[in-house]
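Here the structure comes first, spelled out in structure tokens, and everything after it is commentary.
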Protein chains: 4
Amino acid sequence: MARKPQQQRSKATVDAIIEASFICVARDGTAATTTRHIADVAGISVGSLYEYFSNKEMIFDAMNERFVADVVAMLQPLVPVIARLPIGEAVKLILGHFEDFLGRNDQRYLKCARQAMGVDIKDHLGPITRVLMDIVMQHVMHHPEHMRLRHIPAMSYIFINGGIFAIVRHLSDPSPPISYEELAQGLADMISHYVAQEMLLTAPATQD
Amino acid sequence: MARKPQQQRSKATVDAIIEASFICVARDGTAATTTRHIADVAGISVGSLYEYFSNKEMIFDAMNERFVADVVAMLQPLVPVIARLPIGEAVKLILGHFEDFLGRNDQRYLKCARQAMGVDIKDHLGPITRVLMDIVMQHVMHHPEHMRLRHIPAMSYIFINGGIFAIVRHLSDPSPPISYEELAQGLADMISHYVAQEMLLTAPATQD
Amino acid sequence: MARKPQQQRSKATVDAIIEASFICVARDGTAATTTRHIADVAGISVGSLYEYFSNKEMIFDAMNERFVADVVAMLQPLVPVIARLPIGEAVKLILGHFEDFLGRNDQRYLKCARQAMGVDIKDHLGPITRVLMDIVMQHVMHHPEHMRLRHIPAMSYIFINGGIFAIVRHLSDPSPPISYEELAQGLADMISHYVAQEMLLTAPATQD
Amino acid sequence: MARKPQQQRSKATVDAIIEASFICVARDGTAATTTRHIADVAGISVGSLYEYFSNKEMIFDAMNERFVADVVAMLQPLVPVIARLPIGEAVKLILGHFEDFLGRNDQRYLKCARQAMGVDIKDHLGPITRVLMDIVMQHVMHHPEHMRLRHIPAMSYIFINGGIFAIVRHLSDPSPPISYEELAQGLADMISHYVAQEMLLTAPATQD
DNA sequence: CATGAATGAGTATTCATTCAT
DNA sequence: AATGAATGAATACTCATTCAT
């Protein structure tokens with residue numbers, strides 16, 4: 001079963017299946033997405049589905065892999081830029097890119113992210129979390145004074161997870177109580193105020 | 001068909017069904033929970049299930065309602081206490097209660113919360129968000145100097161949503177990168193540093 | 001799944017399913033018999049099938065059990081009679097009953113026996129073999145002079161297995177080269193000649 | 001579509017397919033053997049399979065044909081030898097060769113024989129039965145005194161069919177109640193005793 | 001009110017067969 | 001001739017829902 005594609009045509013079919021999977025999951029959710037739906041949307045037969053994926057689970061896995069890869073591909077090139085920005089600006093830049101990214105293709109990624117959130121909280125978001133952690137590290141390295149900050153791992157954990165969820169929830173909300181702009185500014189303020197305060201508290205007593 | 005329970009026995013049966021629903025969802029997840037499972041665990045027949053709930057969806061709705069009511073019932077009595085605490089203490093107090101609450105009955109609430117997260121991000125968490133907003137308001141009212149804080153709605157939104165998700169994710173993670181204690185302290189620091197910094201920035205120019 | 005019938009109606013349904021299974025297997029063979037066929041013939045829905053049998057295999061098992069029980073029920077009452085007959089007569093009596101039995105219900109049992117033969121040669125025929133072995137033993141006990149016979153286990157094995165197959169093959173053959181009467185007489189002769197010869201060879205040397 | 005092989009390469013491919021068919025059927029049984037399996041084992045593509053055989057059934061038919069031909073090829077050269085042996089020796093010689101033959105290639109032939117037994121009792125075993133009948137005839141011709149035997153067709157039918165099945169069942173049984181040696185000796189005794197007794201009963205009254 | 005037997009549309013998956021390359 | 005991708009009907013099995021008792 002599920003053999004590796006050996007021809008160009010095969011590769012295209014695999015892509016069509018993953019694409020269809022995105023569309024179906026975005027439209028109906030994971031639970032209501034059937035192999036027949038995917039096959040129909042992909043414009044192929046059910047049988048062909050199983051030429052390339054040994055079962056439905058594998059299709060979703062491939063989709064999640066693609067999702068994660070796309071997020072990473074979006075973030076990766078930003079790393080050097082972000083690392084050099086003031087922290088508030090860095091946050092807003094990332095958030096701007098996220099808004100754009102999650103809105104693509106009729107919010108396909110946003111809807112899939114929501115599906116992934118409830119189930120395998122860790123597994124699928126893992127690589128993304130790693131890139132974000134990397135961004136944090138790079139940023140600290142470009143701002144040596146921040147090395148003084150305490151609890152960087154905990155604060156990163158909170159900020160990354162909390163931030164992602166706040167964004168996803170906000171973008172999913174048809175009538176959010178605040179604007180995305182306010183959300184972005186709020187997150188930027190939250191982190192930059194925190195840093196500022198930490199710097200203050202941990203400042204060497206050279207004042208007197 | 002589904003009628004409102006009007007007798008004691010009915011009420012007890014409805015409770016048994018909701019209880020069974022909690023148990024099944026915590027054990028197998030929403031997708032794998034069948035009406036038969038619920039009926040078996042509740043100790044009644046499938047037929048009786050439909051005497052009280054017109055369909056499966058309604059059972060889950062009732063369960064979520066109960067979940068939300070329980071969270072609110074847990075938080076409500078804390079409001080006056082929290083309102084009077086310094087903000088960092090307030091956060092840690094709430095987090096302590098959440099940890100206990102989500103761990104009850106073999107993490108029943110935690111597991112259900114995860115199920116609810118991906119699907120109906122808004123609908124079910126709504127009332128909880130409202131109580132938390134209320135806590136924020138009460139706190140501000142007991143700390144009038146905080147009225148000076150800008151963007152309270154945005155910051156509350158971020159903190160409440162981000163905080164809830166960070167907690168749920170952390171408690172669901174079998175090997176979290178930080179301890180719950182660190183998470184709680186981090187969230188407390190995050191908010192209190194933010195407030196401190198805001199107070200600083202918005203301080204009236206009494207310096208000269 | 002597959003719960004035990006608790007009402008009269010249930011018992012009747014279980015019987016209908018086994019009956020339908022016999023009909024389908026006799027008509028199409030095991031491999032071509034589908035759960036839908038069985039359900040249709042039984043006059044019930046597929047769903048009901050699985051109320052009583054956890055899977056297709058279980059239906060076939062029940063059918064085989066019934067088959068074996070029916071053969072045993074046919075043979076059992078004959079045991080005391082057979083045990084007292086001369087061996088040739090005993091064989092012919094059994095063969096007569098087998099012919100009748102296998103021909104019942106449009107050769108239902110014959111066709112099922114053929115299916116069982118290729119697959120689980122041992123498992124399903126086991127109990128039948130045991131009854132036949134018992135008949136042999138009873139016969140010997142009523143004919144003490146036969147205790148002198150050597151190799152009774154081997155000869156029983158050969159005769160029982162060979163005999164059953166010869167019968168099944170013959171009855172399944174639309175144009176057999178010999179008549180059933182000849183087959184029966186042949187088997188009777190085969191065994192009685194063997195016994196006679198053995199008695200001769202093992203006779204105490206009273207000749208001189 | 002299916003054409004007769006007309007070239008060497010074709011012949012080799014056909015052989016490879018039949019060989020693969022044997023391997024698959026012996027390993028998984030007829031029901032679980034798929035065209036893909038056969039093609040894989042044969043080292044060709046499914047498409048090529050249909051170049052040589054119009055459908056799966058034809059492959060199995062060819063396999064059975066080959067099986068029968070192999071049995072016949074095994075028996076044929078023995079005929080002149082067997083015809084000259086005393087009947088008991090003849091039987092044991094044949095049984096010895098059968099044991100060896102059915103055990104070849106990890107019991108390939110034995111397993112296929114079992115598959116064939118339940119389904120097409122007549123069709124495939126026919127030619128084999130004919131050779132065995134021929135052996136009987138040749139034997140009688142070399143032992144003219146046996147012409148006196150009555151019911152030769154019936155007895156041959158019984159002995160051949162019963163014997164084959166007894167052998168197949170015995171060799172398929174992981175823990176048979178008697179040894180193959182005992183089985184062979186038993187069959188030899190059965191027939192030679194029968195013959196001896198018949199000779200006795202039909203002896204011309206030369207006593208006086 | 002309670003029961004649990006019955007339903008049947010729906011689901012994932014398989015596999016013999018075809019056909020464009 | 002050979003390939004292997006594509007097909008889609010068919011299969012075993014599930015489960016929310018109904019209804020006769």
Side-chain angles (χ1 to χ4, degrees), chain A residues 1-3 5-14 31-39 43-57 59, chain B residues 1-3 5-7 9-10 13 32-40 44-57 59, chain C residues 1-3 5-14 31-39 43-57 59, chain D residues 1 3 5 7 9-10 13 32-40 44-57 59:
Chain A
M1 1 245 149
R3 42 196 60 212
Q6 288 157 345
Q7 298 182 356
Q8 307 164 344
R9 189 155 55 131
S10 304
K11 183 69 176 65
T13 305
V14 165
T33 293
T34 72
T35 50
R36 178 160 284 277
H37 284 355
I38 296 175
I44 60 169
S45 67
V46 250
S48 293
L49 223 62
Y50 286 88
E51 271 310 300
Y52 301 103
F53 296 92
S54 47
N55 55 44
K56 202 171 88 160
E57 193 59 25
I59 300 175
Chain B
M1 308 280 157
R3 54 193 67 195
Q6 287 153 344
Q7 302 177 357
R9 190 158 53 135
S10 301
T13 306
T33 292
T34 71
T35 50
R36 180 112 80 167
H37 280 83
I38 297 175
D40 284 351
I44 60 170
S45 67
V46 256
S48 294
L49 221 64
Y50 284 86
E51 199 64 35
Y52 297 102
F53 295 92
S54 49
N55 56 43
K56 203 172 93 160
E57 194 58 25
I59 300 175
Chain C
M1 0 243 150
R3 40 197 59 211
Q6 287 157 348
Q7 298 181 357
Q8 306 163 345
R9 191 156 52 132
S10 304
K11 183 69 175 67
T13 305
V14 166
T33 292
T34 72
T35 50
R36 177 160 285 276
H37 284 353
I38 296 175
I44 59 170
S45 66
V46 248
S48 293
L49 222 63
Y50 287 88
E51 253 338 279
Y52 301 104
F53 296 93
S54 47
N55 55 45
K56 202 171 87 161
E57 193 59 25
I59 300 176
Chain D
M1 309 281 158
R3 56 192 64 195
Q7 301 176 358
R9 189 158 54 136
S10 301
T13 307
T33 292
T34 72
T35 49
R36 180 112 80 164
H37 280 126
I38 296 175
D40 283 351
I44 59 169
S45 67
V46 256
S48 294
L49 221 61
Y50 284 86
E51 199 65 37
Y52 297 102
F53 295 93
S54 48
N55 56 42
K56 202 172 93 160
E57 193 58 25
I59 301 175

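The sequence lines fix the lettering, A, B, ..., with proteins before strands; numbering per chain opens at 1. All values below were derived from every heavy atom in this structure, side-chain atoms included, with hydrogens, water molecules and symmetry-related copies excluded.
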Minimum heavy-atom separation for I38(B) to I59(B), with atom names? CD1-CG2, 4.2 Å
Shortest non-hydrogen pair, Y50(D) vs N55(D), comes out as CE2-CA, 3.9 Å
Interatomic distance where CD belongs to E51(C) and C1' belongs to dG4(E) [whole Å]: 8 Å
Nearest heavy atom decides the nucleotide; on that basis, is G43(C) or S48(B) closer to the 5' end of DNA chain E? S48(B)
What are the atom names and distances for every N/O pair under 3.5 Å that joins the protein to nucleotides 9-12 of chain E?
residue, atom, partner, partner atom, Å
dA12(E), OP1, K56(A), NZ, 2.6
dA12(E), OP2, T35(A), N, 3.1
dA12(E), OP2, T35(A), OG1, 3.1

Once you round it to whole Å, what is the distance between P of dC15(E) and CZ of F53(D)? 20 Å
If you only use heavy atoms from C-beta on, which nucleotide in dT7(E), dA2(F), dC1(E) is closest to the side chain of S10(B)? dC1(E)
Identify the heavy atoms of V46(C) and A39(C) that sit nearest to each other, and give their distance. N-CB, 3.9 Å
N/O (side chain, S45(D)) to phosphate O (OP1/OP2, dG4(F)) under 4.0 Å: no
Expressed in angstrom and rounded to an integer, what is the separation of I44(C) atom CD1 from dG4(E) atom P? 19 Å
Nearest-Å distance, CD (E57(B)) to P (dA16(F))? 11 Å
Under the side chain to side chain donor-acceptor pair (under 3.5 Å) criterion, do S45(A) and S48(A) qualify, and how do the steps go? CA-CA 5 Å; S45(A) 67; S48(A) 293; 3.3 Å; yes
Rounded to the nearest 0.5 Å, the OG1 atom of T34(D) sits from the NZ atom of K56(D) at a distance of 7.0 Å
In whole Å, what is the span from the CD1 atom of I59(D) to the P atom of dC15(E)? 15 Å
Watson-Crick and G-U pairing of DNA chain E written in dot-bracket, each distance under 3.5 angstrom, with | for inter-strand partners: .||||||||||||||||||||
V14(C) versus F53(C): any side-chain heavy-atom pair under 4.5 Å? yes
Report yes if at least one side-chain N or O of Y52(D) is closer than 4.0 Å to OP1 or OP2 of dA2(F); otherwise report no. yes
Round to a whole Å and report the spacing from CG of L49(C) to P of dT14(F). 11 Å
Rounded to whole Å, please give me the gap between CG in D40(B) and P in dT14(F). 15 Å
